[in-house]
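One structure below.
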Amino acid sequence: MSETDTFRQRVYQIIAAIPSGQVTTYGNVAQLAGSPRAARQVGGVLRKLPEGSSLPWHRVINRHGEISQQGEDFKRQRQALLSEGVMFENGRIDLEKYGWKW
DNA sequence: TTACTGACTCGGA
DNA sequence: ATCCGAGCCAGTA
């Protein structure tokens, strides 16, 4: 991770390292990227992901263990997680159980 | 350059 | 536990 890396590039690298079947929060990604208060910007980066990106963006959720997206994107994210074995209880994921611990 | 936007989070009620 | 207001800051226009 070089000095000239942008926040976005760091976010890409971090998310690419989240294992299948595990999740992390926007805030955690921001912290690992070196800007602990930029959780919102992590969402901003993912919102503008290039079409056909292989980045596992669905493994990023909010601090309550919920999917932050709406509509069709919400359904796609939920399905992607379920297919990796991540279970929901009342619309929430148990971060103690599925949270990514590096 | 300035001005908005918002896949978030924190703290108080 | 839930709700809401305020702050945040990289992108974008």
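Order of the sequence lines sets the chain letters (A, B, ...), proteins ahead of strands, with each chain counted from 1. Keep in mind that this is a model prediction, so the values were computed, not measured.
- Picking from C:dC9, B:dA7, B:dT9 the nucleotide with the shortest atom distance to the side chain of A:Arg63 gives B:dT9.
- Checking the phosphate oxygens (OP1, OP2) of C:dA10, no side-chain nitrogen or oxygen of A:Thr6 falls inside 4.0 Å.
- Checking A:Arg47 against A:Arg37, the closest nucleotide of DNA chain C that is more toward the 5' end is the one next to A:Arg37.
- Among the heavy atoms of the strands, none lies under 4.0 Å from A:Gly44.
- Tested against A:Leu55, the residues A:Ile18, A:Ile15, A:Val60 include a single side chain to side chain contact (heavy atoms under 4.5 Å, CB included) partner, A:Ile15.
- Put simply, CG on A:Asn62 is 21 Å from P on C:dC8, counting in whole angstrom units.
- Under the 3.5 Å distance criterion, with hydrogens and angles disregarded, a donor-acceptor pair is assigned to the side chains of A:Glu84 and A:His58.
- Using a 4.0 Å heavy-atom distance criterion, A:Tyr26 is classed as a base contact.
- With respect to the salt-bridge test (charged N to carboxylate O, under 4.0 angstrom), the residues A:Glu89 and A:Arg92 do not qualify.
- Closest to the A:Ala38 side chain, of the nucleotides C:dT12, B:dA7, C:dC9, is C:dC9.
- For A:Gln41, counting side-chain heavy atoms from C-beta on, the closest listed nucleotide (B:dC8, B:dG11, C:dA10) is C:dA10.
- Using a 4.0 Å cut-off, no side-chain N or O of A:Arg40 falls inside it from OP1 or OP2 of B:dC10.
- For A:Trp57, the side-chain atoms get nearest to B:dA7 when compared with the rest of C:dC9, B:dA7, C:dG11.
- The side chain of A:Thr25 sits closest to B:dT9 out of B:dT9, C:dC9, B:dG6.
- Heavy atoms of A:Arg92 sit under 4.0 angstrom from primed sugar atoms or phosphate atoms, though from no base atom.
- You'll find the side chain of A:Arg78 reaches within 4.5 Å of the side chain of A:Ile67, heavy atoms only.
- Closest approach to the A:Ala39 side chain among C:dA10, B:dC8, B:dA7 is made by B:dC8 (side chain taken as heavy atoms from C-beta onward).
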